[in-house]
Each structure stands twice: as structure tokens, then as C-alpha cells.
2 protein chains.
Amino acid sequence: MEVTGHMPAQDAPRTRSASIWDVARVAGVSQQTVSRVINGKARVSEATRARVLQVIAELGYRPNRLAQALAGGPVRSVTVLTSDTALYGAAATLRGMEEAARTAGFSVGISVLERNSGQADIALRLNRPGEAVMVIAFDDAGVRALRALPADVPVAAAVERRPDDGPDDPWQIWLDDRAAAAHATRYLLSLGHQTVHYVAIPSSTSALPQRTQGWQDALGAAGRPLPEPLPGGWSPRSGYLAVRSLLADRSVTAILCGNDDLALGVMRAAREAGRDIPGDLSVVGFDDSPPSAYLNPSLTTVRLDFEGLGRACFGLLHRRLDPQNAPAVPAWSEPELIVRESSGPPPA
Amino acid sequence: MEVTGHMPAQDAPRTRSASIWDVARVAGVSQQTVSRVINGKARVSEATRARVLQVIAELGYRPNRLAQALAGGPVRSVTVLTSDTALYGAAATLRGMEEAARTAGFSVGISVLERNSGQADIALRLNRPGEAVMVIAFDDAGVRALRALPADVPVAAAVERRPDDGPDDPWQIWLDDRAAAAHATRYLLSLGHQTVHYVAIPSSTSALPQRTQGWQDALGAAGRPLPEPLPGGWSPRSGYLAVRSLLADRSVTAILCGNDDLALGVMRAAREAGRDIPGDLSVVGFDDSPPSAYLNPSLTTVRLDFEGLGRACFGLLHRRLDPQNAPAVPAWSEPELIVRESSGPPPA
DNA sequence: AGAGAGAATGTGATCGATAACATTACCTAT
DNA sequence: ATAGGTAATGTTATCGATCACATTCTCTCT
């Protein structure tokens with residue numbers, strides 16, 4: 001329903017949506033009272049409240065979040081900075097963040113980081129100084145963006161697991177994929193493999209990637225040979241390319257991959273090299289992306305609760321914004337090894 | 001850099017980011033002049049402009065988009081309404097939308113639709129009356145949201161292809177997956193298959209899904225038997241379940257699937273039923289999601305340019321918002337059949 | 001009866017920015 | 001010299017909402 005003008009200026013009537021002034025006039029109260037009603041504030045009688053809500057429904061009034069924010073209302077919007085949302089990890093984390101934020105009444109912005117996003121760029125991606133931000137910082141673009149945020153920005157970030165000697169930041173949150181990689185490696189060793197090779201996802205920092213570290217941890221603890229990690233990317237193709245030379249070596253019987261897409265590429269390269277999976281070669285992925293259970297062979301992989309992590313990340317930010325009232329940060333599941341068809345004992 | 005106060009009220013100094021008033025004071029001009037500089041308006045001397053830009057850089061001033069919008073500046077924000085962003089079609093479309101919008105200087109909001117999102121919900125997801133919106137309406141939740149938007153909302157939508165007798169809306173855009181399904185069906189027939197079965201994705205409307213329609217078009221035109229379409233969902237599991245009974249019938253030699261995940265499930269069910277792919281059964285997917293080339297067997301599928309569609313959708317919205325200045329709507333690629341290992345002639 | 005406290009409501013200022021219009025100075029043409 | 005037009009800048013109002021404080025009325029206690 002369109003109505004005209006508002007109280008302070010009636011010399012140029014224009015058609016637009018109902019504002020708080022329109023509601024106030026029709027309900028016969030001040031706009032401050034309407035504000036109290038829509039924000040659940042005290043000092044409003046039940047009769048007045050009911051009358052105002054009735055008028056709100058009749059006029060189809062919708063609050064203007066921009067004006068609320070500008071006038072100093074509570075922070076109710078957040079921008080998510082993230083890299084490629086088509087990658088399972090980022091997509092699932094974003095899904096958790098968006099759901100939790102929306103449920104808490106926040107509006108959610110998204111801004112995708114490119115490889116070459118510059119420092120000056122980052123602040124300009126925010127709607128206003130002081131905008132709340134969540135960063136999905138699983139790769140170096142995310143980490144760079146996190147560092148480039150101005151000091152006035154309330155932020156929470158989902159990051160790659162910190163190294164044990166890394167800086168402690170209470171607003172960062174992660175999944176322990178180092179321990180998960182160690183566990184997956186130990187599983188392969190327990191099947192009888194002499195050692196395990198590793199195709200790595202790129203690190204988000206200059207430090208050794210934590211999944212790589214966990215793989216090395218387990219091999220070191222077992223006194224097994226420690227091969228050079230094979231650098232991969234994020235895609236099946238990069239996994240395929242990473243192992244083509246390695247697979248000529250028949251003594252290679254087990255490969256752990258930094259994500260499921262890498263595993264898919266590795267399995268294809270193995271088939272082309274005439275290696276049977278898991279008879280000749282066991283392949284283990286990471287993340288348990290949705291198609292994994294239906295591959296041929298179905299993929300042994302590590303399930304990571306990215307959605308849970310995203311929800312928890314928002315919970316952390318919410319506590320940062322409103323320590324008194326925000327609910328407890330929700331828990332997220334620990335990594336879990338999911339054994340399927342692609343892994344088994346080494347050939348006799 | 002934090003500075004205090006602003007011109008009209010200096011009796012309660014507070015620390016916050018630089019505002020347009022701070023820039024104006026330091027540069028020795030009015031805030032209107034600063035506004036002219038940052039918006040590239042006329043009536044600013046080169047010397048004044050340079051001075052203002054210098055002060056902006058020194059103070060680290062960042063415009064407040066909320067205030068800009070409230071004060072009547074040009075629309076520079078858009079909210080994307082979409083269903084499950086982990087599905088390839090929606091994720092890729094979103095990626096195209098976000099990239100195009102960001103590049104054009106828009107801030108992008110995202111709001112994920114749940115199955116039970118109600119009509120009253122939709123308007124409340126927008127930041128203000130009149131907010132620009134893009135809807136990814138490939139499923140029924142998206143279509144319902146599109147219908148529920150208030151009349152004052154400038155909107156562009158990526159939709160399932162319209163039926164030929166459907167309503168003509170200049171602000172809707174789609175990929176011709178009806179023609180693509182017909183083409184894929186004809187391809188399978190040309191391999192020698194007597195007929196083609198079809199596992200359907202859910203329709204976004206009460207009309208026959210357009211991919212289903214295209215499959216039927218091609219079978220009808222070739223005078224081939226027309227099997228009942230098998231209702232599937234969006235996931236591998238639903239594809240797996242959809243065909244378990246069908247695969248007992250050895251005369252079934254070709255299955256077209258409404259998306260790649262369905263194809264993955266179908267292929268798994270085929271293997272469990274002892275059907276060789278493509279020796280006994282050809283399987284064709286839809287969308288060419290990134291893992292398709294690396295599956296075992298690699299998947300024959302129809303490539304759809306969702307990213308291009310997303311970019312074009314933003315282009316359409318931009319023209320709706322600013323007919324004089326917005327660039328031409330970018331073209332997007334036509335669907336393309338990608339033949340890989342999963343399809344071949346029927347068994348002799 | 002009078003004082004004090006609290007409930008309920010309203011007024012004015014503010015937030016950061018742009019639109020609309022006003023003002024001033026300078027240049028050109030007659 | 002005067003008039004007209006334009007460039008450049010500034011002032012005021014406005015956008016929709018909330019904060020901070022003021023005002024009024026009612027109830028309870030002494």
C-alpha cells in the first residue's frame with residue numbers, strides 16, 4: 001500500500017512505501033512509540049502496541065534497515081568475505097554462516113575475493129565503517145583479506161588450523177584437520193601400507209599446511225619413510241597432474257589427498273596407469289563432499305563439519321557484537337574418517 | 001585514523017571513522033563539495049578535487065553506503081534470493097551474479113530460501129523498501145519467492161526455461177535446457193538406442209519440467225516409445241533410488257538424467273545391478289559440474305553456462321535500474337553436449 | 001493531602017549523505 | 001559599462017530511524 005509524504009515535509013507529496021511516520025500518524029502515536037513497538041522496547045501499553053501492529057499490517061510497513069543502522073540501532077548486518085564459493089569447503093561454510101546469521105535476524109552480504117584483490121579493495125567492499133565481517137580464510141586470498149581489514153571492523157574468521165606455535169586470536173575458529181590427516185594416515189598404515197604419499201591443497205599461509213603437517217606427524221611417529229608432499233591445487237585436474245609421474249612407481253600403494261576433488265583426479269590418473277583401486281592403490285580424500293559416496297569406487301574420506309563451523313563462526317561474531325545477549329557459540333562436529341571402497345590393504 | 005565530531009554538533013565528541021564532514025573541514029570545503037568529488041559530479045575545480053582526494057586518502061575516509069542510499073543516491077546494492085547454494089547450478093549462477101554486481105560497484109546480499117519460506121518472510125529479507133533483487137528461481141521455493149516480492153521491488157530472475165505458452169516477462173532470463181534435453185536424447189537415439197529413459201529434477205512450477213519436455217519432444221519426433229519419466233530430486237541418492245527397479249529390465253539401455261548428481265547415483269545403481277557403463281547402459285547427465293570429466297567412467301553431460309547466465313541476469317537488472325547508463329546485457333553460451341565415456345551404442 | 005517513583009508517551013537532535021536551490025565570481029557579448 | 005550566462009561553491013532540507021531527554025499521568029506510601 002502506497003501512502004504519501006511524512007510529517008516534517010508535506011509540500012512535495014510523493015508516492016512510496018509506508019514509513020514509520022505514516023504508521024505513527026494512522027495509529028495516532030509518535031514515531032518513537034512505533035519504534036518502541038517494532039524493537040520490542042519497554043514503555044508501551046498493550047493497547048497501544050496492538051493498535052500499532054494492526055496499522056503496520058494494514059499499511060504493509062517494512063522497516064528500513066539502512067535507516068536503523070544509520071540512526072544507531074543494533075548491528076544487524078554482516079558481510080562475508082570468501083574465495084571461490086563453488087569449492088565444497090567454502091560453500092558449506094558459507095551456508096552455515098548465512099543460515100545462522102539470517103536466523104538471528106541479520107542481513108548477510110557476500111563479497112568474493114579474487115586472487116589479486118588488493119589491500120585498498122577490502123575496506124571498500126564493506127557497506128560502512130564498522131561493518132561486521134566474517135572471513136572464510138581457508139586460502140591465501142582469505143588470509144590476506146583478514147589482515148587487510150581496518151581495525152574498527154568487528155570480525156570473526158573461519159581459518160585453516162593454526163600451527164601450535166601460531167598466534168592466538170579468540171575470534172578465529174577452525175577444524176582440526178591436522179589431527180584428521182594424522183588419523184587418516186595412521187588408518188592407511190594400519191592396513192599394512194609401508195608409507196603414505198600426500199597430494200596437498202595450497203596453504204593459506206607461508207607455514208606448512210596443517211593437513212600436510214598431520215600426515216608428517218603420523219609418518220614420523222610410526223618411523224615410516226617420509227615422502228615429499230606433492231603440491232596440488234583445489235581441482236580434480238590438479239590432482240590428476242600431481243601424481244602422473246608418481247604412479248609409475250608400483251611401490252606406491254597409498255595416497256592421501258588434501259580434498260576430495262584431488263582424490264578424484266588421482267583416481268583417474270591411477271586408472272589410466274592401470275592401477276586398480278583399492279587392490280593396487282588406496283586413495284583417501286578429505287572433506288566428504290556430497291558425491292563421494294557414489295563415486296566408482298566410493299571414496300574413503302575425512303568428513304569435516306564445515307556447516308557447523310560456519311554456524312559457530314557466526315556465533316562467535318554475535319558474541320563479539322553483543323556479549324550480554326548473544327547465545328552460546330554452537331558446537332561443531334569433530335572430523336571423522338569415513339571408510340568406503342577406495343581404500344584397502346596393499347597388494348600382497 | 002579516528003577523528004571527532006562533525007559540524008552541526010560539537011558538544012559530545014566521540015571517536016569514530018572519518019565522515020564526509022571531517023573531510024570537508026580538513027579540506028576547507030563544504031560537505032556537498034566532497035560529495036561531488038566522490039560521486040564524480042560536475043562543478044568542482046581540478047585544484048579543489050585534488051585537495052579533497054588528498055584529504056580523503058590521509059583520513060582514510062570510506063563512504064557510508066547506508067547513508068548514501070538513504071539520502072537518495074543511486075541504487076548500488078542488490079539482494080540475491082536463492083535456494084541451496086551447494087547445488088552446482090545455483091552456486092555457479094550466484095558466482096556470476098556476484099562477480100558482475102561487484103564489478104559494477106554494487107554491494108551484494110544473499111538470503112537463502114528454505115522450503116517453507118513464507119510469503120510474509122520474503123519482504124522482510126530485504127534491507128529496505130525498493131531494494132533491488134535477483135532471484136535464482138530454478139526450483140519451486142525460488143519461484144514462490146519471486147511471486148511474493150512486493151510490486152515496488154526492481155527484480156531480475158534466472159528461471160527455468162519458460163514453456164512456449166508461458167507468460168512473457170522481460171526481466172526473466174533462462175538457459176534453453178528444453179532444447180538441450182532434446183539434443184541429448186537425439187544423440188542417444190543416434191547411437192542406436194531404441195528409446196531413452198529420463199530421471200527428472202523437480203519442476204520449479206506446476207508445469208511439466210522443461211528438461212522433461214525436451215526429452216519427450218525428441219522421442220515424439222522420432223516416433224520412439226515414450227516411457228514415464230522417473231521423478232528424482234537433486235542429489236545422487238535420489239538418482240540411485242529412482243532407478244533401482246528400472247535397472248532389472250535389461251532392455252533399458254539409455255538413461256538421461258536431469259543433473260550430474262542424479263547421473264552419479266544412477267551409475268552406482270547400475271554397477272550394483274551388474275550393468276556395465278556404457279556397454280550395457282548409457283548414462284547422460286546435465287550441467288557439466290566440475291567433477292564430471294574425472295568420474296569413472298567420465299560423464300557425458302550437457303554443459304550449461306550458469307555463470308554467464310548469472311552475469312547476464314545482473315546486466316538485466318542493471319538496465320532496469322539505470323536504462324540510460326547501464327551497459328548491454330552480456331551474452332551467455334548456449335548449452336553444449338559434452339560426450340565422454342559414459343555413453344555409447346547399445347549392446348548388440 | 002502531599003511527595004516520590006514509575007509507566008507511558010512525545011519532542012528534538014542526530015546519524016552520514018545527497019537533492020534542491022541559493023549565492024558569488026568571472027567571463028563574454030553588446 | 002552593463003547584462004546575461006556559466007562555473008564553482010555553499011546552505012538548507014531531507015531521507016527513515018533511534019537516542020537522549022522531557023513531559024504528563026497515575027499509583028503508592030507516609
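Bear in mind the structure is a predicted one, so any value in this text is a computation, not a measurement. Letters A, B, ... mirror the listed sequences (proteins, then strands); counts begin at 1.
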Q: Between B:Asn127 (CG) and D:dC15 (C1'), how many Å, whole number?
A: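 Going from CG in B:Asn127 over to C1' in D:dC15 covers 16 Å.
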Q: Determine: side-chain N/O of A:Asn39 to OP1/OP2 of D:dT18, distance under 4.0 Å, yes or no.
A: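 Yes, A:Asn39 has a side-chain N/O under 4.0 Å of OP1/OP2 on D:dT18.
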Q: Using 4.0 Å as the upper bound for N to carboxylate O, is an ion pair formed by B:Glu99 and B:Arg95?
A: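 Not counted as a salt bridge, because no side-chain N and carboxylate O are separated by less than 4.0 Å.
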Q: Rounded to whole angstrom units, what separation is found between the CD1 atom of B:Ile20 and the P atom of C:dT14?
A: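 Rounding to the nearest Å, CD1 of B:Ile20 and P of C:dT14 are 18 Å apart.
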Q: Which whole-number value in Å describes the distance from A:Leu59 CG to D:dG16 P?
A: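 In whole Å, D:dG16 P and A:Leu59 CG are 14 Å from each other.
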Q: Tell me the salt bridge (Lys or Arg N to Asp or Glu O under 4.0 Å) pairs involving residues 30-47 of chain A, sequence neighbours left out?
A: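 Non-adjacent pairs meeting salt bridge (Lys or Arg N to Asp or Glu O under 4.0 Å): A:Glu46-A:Arg49.
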Q: Provide, to the nearest angstrom, the distance between the CD atom belonging to A:Gln68 and the C1' atom belonging to C:dC15.
A: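 Answer to the nearest Å: 13 Å.
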Q: So among A:Leu146, A:Leu309, A:Asp169, which one has a side chain to side chain contact (heavy atoms under 4.5 Å, CB included) with A:Val159?
A: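 Between A:Val159 and the candidates, side chain to side chain contact (heavy atoms under 4.5 Å, CB included) is satisfied uniquely by A:Leu146.
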Q: What is the distance, to the nearest angstrom, from the CH2 atom on A:Trp21 to the P atom on C:dT11?
A: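 Spelled out: CH2 on A:Trp21 to P on C:dT11 is 8 Å.
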Q: Of the candidate nucleotides C:dG16, D:dT18, D:dC19, which contains the atom at the shortest distance from the side chain of B:Ser19?
A: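 Given the options C:dG16, D:dT18, D:dC19, the side chain of B:Ser19 is closest to C:dG16.
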Q: Between B:Ala71 and A:Ala69, which has a closest nucleotide on DNA chain D that is more 5'?
A: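 Taking each residue's closest nucleotide, the earlier one in sequence belongs to B:Ala71.
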Q: Take atom CZ of B:Arg65 and atom C1' of C:dC15, then tell me their distance rounded to the nearest Å.
A: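 After rounding, the reported distance stands at 18 Å.
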Q: Do the non-hydrogen side-chain atoms of B:Thr85 and A:Thr85 ever get within less than 4.5 Å of each other?
A: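 When only atoms from C-beta onward are counted, A:Thr85 and B:Thr85 do not touch, as no gap falls below 4.5 Å.
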Q: For the atom pair OG (B:Ser30) and CD1 (B:Ile20), what is the distance rounded to the nearest 0.5 Å?
A: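 Between atom OG of B:Ser30 and atom CD1 of B:Ile20 there are 9.0 Å.
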Q: For the residue pair B:Asp139 and B:Leu113, establish whether any side-chain heavy-atom pair is separated by less than 4.5 Å.
A: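 A side-chain contact is absent here, since even the closest heavy-atom pair is not under 4.5 Å.
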Q: Enumerate the salt bridge (Lys or Arg N to Asp or Glu O under 4.0 Å) contacts for residues 100-113 of chain A, please, sequence neighbours excluded, ordered by first and then second residue.
A: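 As it turns out, the salt bridge (Lys or Arg N to Asp or Glu O under 4.0 Å) pairs with a partner in residues 100-113 of chain A, which skip direct neighbours, are A:Glu98-A:Arg102, A:Arg102-B:Glu114.
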Q: Enumerate the residue pairs fulfilling salt bridge (Lys or Arg N to Asp or Glu O under 4.0 Å) with a member in residues 68-78 of chain B, sequence neighbours excluded, ordered by first and then second residue.
A: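 Those involving residues 68-78 of chain B do not exist here.
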Q: Scan nucleotides 23-25 of chain D against the protein and return all N/O pairs shorter than 3.5 Å with their distances rounded to 0.1 Å.
A:
none

Q: Counting only side-chain nitrogens and oxygens, does A:Lys41 get under 4.0 Å of the OP1 or OP2 atom of C:dA8?
A: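 The answer is no; no side-chain N or O of A:Lys41 sits under 4.0 Å from OP1 or OP2.
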Q: Report the distance from atom OH of A:Tyr61 to atom P of D:dG16, rounded to the nearest whole Å.
A: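 Interatomic distance, OH of A:Tyr61 to P of D:dG16: 10 Å.
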Q: Quick test: give all pairs of protein nitrogen or oxygen and nucleotides 4-11 of chain D nitrogen or oxygen below 3.5 Å, distance rounded to 0.1 Å.
A:
residue, atom, partner, partner atom, Å
D:dA7, OP2, B:Arg43, NH1, 2.3
D:dA7, OP2, B:Arg43, NH2, 2.9
D:dA7, O5', B:Arg43, NH1, 3.0
D:dT9, OP1, B:Ser45, OG, 3.1
D:dT9, OP1, B:Thr48, OG1, 2.4
D:dT9, OP2, B:Ser45, N, 2.8
D:dG10, OP2, B:Ser30, N, 2.7
D:dG10, OP2, B:Ser30, OG, 3.1
D:dG10, OP2, B:Thr33, OG1, 2.9
D:dG10, O6, B:Arg36, NH2, 2.6

Q: Rounding to a whole Å, what distance do you find between B:Leu70:CG and D:dT18:P?
A: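 In whole Å, D:dT18 P and B:Leu70 CG are 12 Å from each other.
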Q: By side chain to side chain contact (heavy atoms under 4.5 Å, CB included), which residues pair with A:Arg144, not counting sequence neighbours?
A: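 Partners of A:Arg144 under the side chain to side chain contact (heavy atoms under 4.5 Å, CB included) test: A:Asp140, A:Ala141.
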